[in-house]
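Beneath this line is the structure, given in C-alpha cells, with notes to follow.
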Amino acid sequence: MHPLQCVLQAQRWGPLASVSWLLLRTCRAHSGVPSTACPSSERQQEDGVRKDFSSRLANGPTFQHFLRSASAPQEQPDMEDPPPYLTVDELLGRQRKVYLETYGCQMNVNDTEIAWSILQKSGYLRTRNLQEADVILLVTCSIREKAEQTIWNRLHQLKALKTKRLRSRVPLRIGILGCMAERLKEEILNREKMVDILAGPDAYRDLPRLLAVAESGQQAANVLLSLDETYADVMPVQTSPSATSAFVSIMRGCDNMCSYCIVPFTRGRERSRPVASILEEVRKLSEQGLKEVTLLGQNVNSFRDSSEVQFNNAVSTNLSRGFSTNYKPKQGGLRFAHLLDEVSRIDPEMRIRFTSPHPKDFPDEVLQLIQERDNICKQIHLPAQSGSSRVLEAMRRGYSREAYVELIHHIRESIPGVSLSSDFIAGFCGETEEDHLQTVSLLREVQYNMGFLFAYSMRQKTRAYHRLKDDVPEEVKLRRLEELITVFREEAAKANMASVGCTQLVLVEGHSKRSATDLCGRNDGNLKVIFPDVEMEDVNNSKVKVRAQPGDYVLVKITSTSSQTLKGRVLCRTTLKDSSAYC
Ligand code: 5AD
Ligand code: SF4
C-alpha cells in the first residue's frame, strides 16, 4: 500500500464547496522518529490504537455520507456527533495543555484567539510555558521568504523538545496553523516529520479532530479553503484581562490578486462576516470595558455583507476616483460605511480603528464618517507599495501614482489633521533606479506618520512568479530599502514635530517598557505617547487627584517628538466625548 493514504473527505459541518482532505500517515514509517526510539509498551499501545483506528476507518463513512452532510450549514463541530472514525472522548482535549505561538500580522493574532476559543471549548487548557505543553501550535505567516524561514528554524528547535518527550506518557504534538500550512501543505509533513498536524486558515474548527487523529500517531491535515468561513460565531478569547483594546475580524481573504502577493492563495477568496455578529462582538467588548477596537481584515474597506437577501440590491460599488479593480465589479450588500457607522454608535467612549484597507475603497461616505465621528480615529493606512506608476501597473494595484496622490489630497481636505501610514515594497520585478526614486519622492511628498517597508520577496503561485522576473539583485533591494527607511524616518520626524505644543487625547495602555515612572499610551493617530506617571485632575471631579490607569483617557501636552514616539506632560483625566473640543 502506498504509505500516503489520502482520504478525500467533505467537512461534516461545511457546505458542499468545503471538500477537505485528510492526510494520514503511519508513525513508524513517516514520523521521522526511528522506531527504536519508541519504548515497546508504547509501541504496542500505538499498534493497538492504529489497528483500532484502521478498522474504524474501514467501517467508516462512505462518500455518500460526506455528500449528505456537506450541505449542512456551517456550525461548530458537534461534540456529540463525532466523525464515524472517532469517539466523542477522542475529540476532547482532556485537559491537555496547548502552547500557541503567533507569527506575522494582526490577522494571525486574531486567528490565534479563534483557534484557542475552539480548543478551549473542546476541553484543552492553555499554557504559557513551552516546557509543560502537550501540544505546540505555531500560527504562521508566508508573506515573505524570511517569515517562513523563521518557522523552519523554530521547528528545528522544537525537534529537540519533541525527541526528549518521546518517552513520556503524553507525547508532544506539534501543529502548523495558518498561511504556511496552506501554502506548503504536505511539503511541511514531508520535510519535518515531527509535525503532526496542519490546519489552514479556514480549518480551525477542525482542530479538535486533527489533534484526535494525531493522538493515534498519524499525521493529519486540513488545508481546505472555504468560500464562506468567517468564524462569525466563534468569540475570540481575550487573552490579556488587562487589555484596553481588541481586534475584531470583519472579513477574510482577498480578491485583489496584486501580482506580488501570496495572500489570495493562502487565505482564499474575500468574504465578509455578517454585520449583526460583528456588532454583537463589539457590544460584548464594550461591556467588558475595552476602550478600543480595530476592525480587521485583508481588505477591510471592501467589506460587503451579502448574508441576507434584502441586502442584495443592484447598486454597484463606489470606488475612489481613478481606481479600478482586478475583478468583476461587485454589487449590493451592506458596505463598510454602513458597518463603520453602526460600530461607532455602540459606545461613544470606544475608539474605532480599522486595518488594513485598500486605497481603492475610500468613497466619500467613508471619509465623511471618519471626519464626523469623534470615536473613529482620524488615522488611515493607505498602502501605496510604490511611487512609480510603471511599477504599480506591474503590481496590478489598479491605480497610478497620480490617482493615489489625488486621493491623499482629497483625504487631507476631508479629514483635517488625519494621520497617514503606508506599506512599500523595495525592489519589485523590473524596478529601475528611476522607479525607486519615484518612491522616494512619494515618501517626501506625502510625509507619512507611520510606514511599513519591505524588500520584495518572490512568492510561488503569484502572477509575478509566473510572468515577471525577480531581476533586482538582493543587495540592490536592501540598499533601496535602507534608503526608503531613512527618507521615511526623516519625513515622519518632521510630520510629528508639528504636534509639539498640541494637546492630544491619549488612551493609557500601562507603564512604559523603558521606565517604571512613565506611562505609555496611544494618540488618535496610533502613535505611542510617553508621559510621567503623576497625579492629575479628573475633568468630571475636580475635587480629587487621580493616577491614570490602563483604559483611561488623558490629555497630554506634547513637548518633544521623534520619528516614532511623542513625549509630553499629562494635563488631566478625561473622557473621549469631553476631549473632542481639544483635538
Ligand atoms: N514581498 C515583500 N513584501 C510583500 N508584501 C506583500 N507581499 C510581499 C512580497 N511578496 C507587503 C505589502 C503588503 C504588506 C502586508 O506586505 O507591502 O501591504
Ligand atoms: Fe495582498 Fe493586494 Fe490582497 Fe493586500 S490587497 S492582501 S497586497 S493581494
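Note that ligands are numbered from 1 as they come in the structure, with each ligand's atoms numbered from 1 the same way.
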Which one of Ala426, Ala455, Cys261 has a non-hydrogen atom at the shortest distance from atom 2 (C) of ligand 1?
-> Ala455
Of Arg205, Glu280, Arg273, the residue whose pairing with Asp233 passes side chain to side chain contact (heavy atoms under 4.5 Å, CB included) | Arg205
Who's closest to atom 18 (O) of ligand 1 heavy-atom-wise, of Asp423, Ile262, Ile143?
-> Asp423
Measure from NZ or CZ of Lys360 to the centre of the six-membered ring of Phe362, then state whether that distance is under 6.0 Å and the direction lies within 45° of the axis.
-> no
Arg267 touching ligand 2 at heavy-atom level, < 4.0 angstrom | no
Under-4.0 Å heavy-atom contact with ligand 2, by part of Cys254 that carries it | side chain
For ligand 1, the portion of Gln385 having any non-hydrogen atom under 4.0 Å away = side chain
Atom indices of ligand 1, in the order listed, that fall short of 4.0 Å to a heavy atom of Arg459 = 10 (N)
Relative to the heavy atoms of Tyr456, which atoms of ligand 1 are at a distance of less than 4.0 Å?
-> 1 (N), 2 (C), 10 (N)
Check the pair Phe323, Tyr404 against ring pair (Phe, Tyr, Trp, His ring centres under 6.0 Å), reporting the backbone distance first and the verdict last.
-> CA-CA 8 Å; Phe323 287 71; Tyr404 180 87; 7.3 Å; no
Decide, counting backbone as well as side-chain atoms, whether Cys261 has an N, O or S atom less than 2.8 Å from atom 2 (Fe) of ligand 2.
-> no
Could you tell me whether the side chain of Asn523 and the main chain of Lys528 form a donor-acceptor pair under 3.5 Å?
-> no
Per-atom contacts, ligand 1 versus Arg144 - under 4.0 Å to a heavy atom = 1 (N), 2 (C), 3 (N), 4 (C), 5 (N), 11 (C), 16 (O)
Just jot down the ligand 2 atoms closer than 4.0 angstrom to any heavy atom of Pro264, in number order.
-> 8 (S)
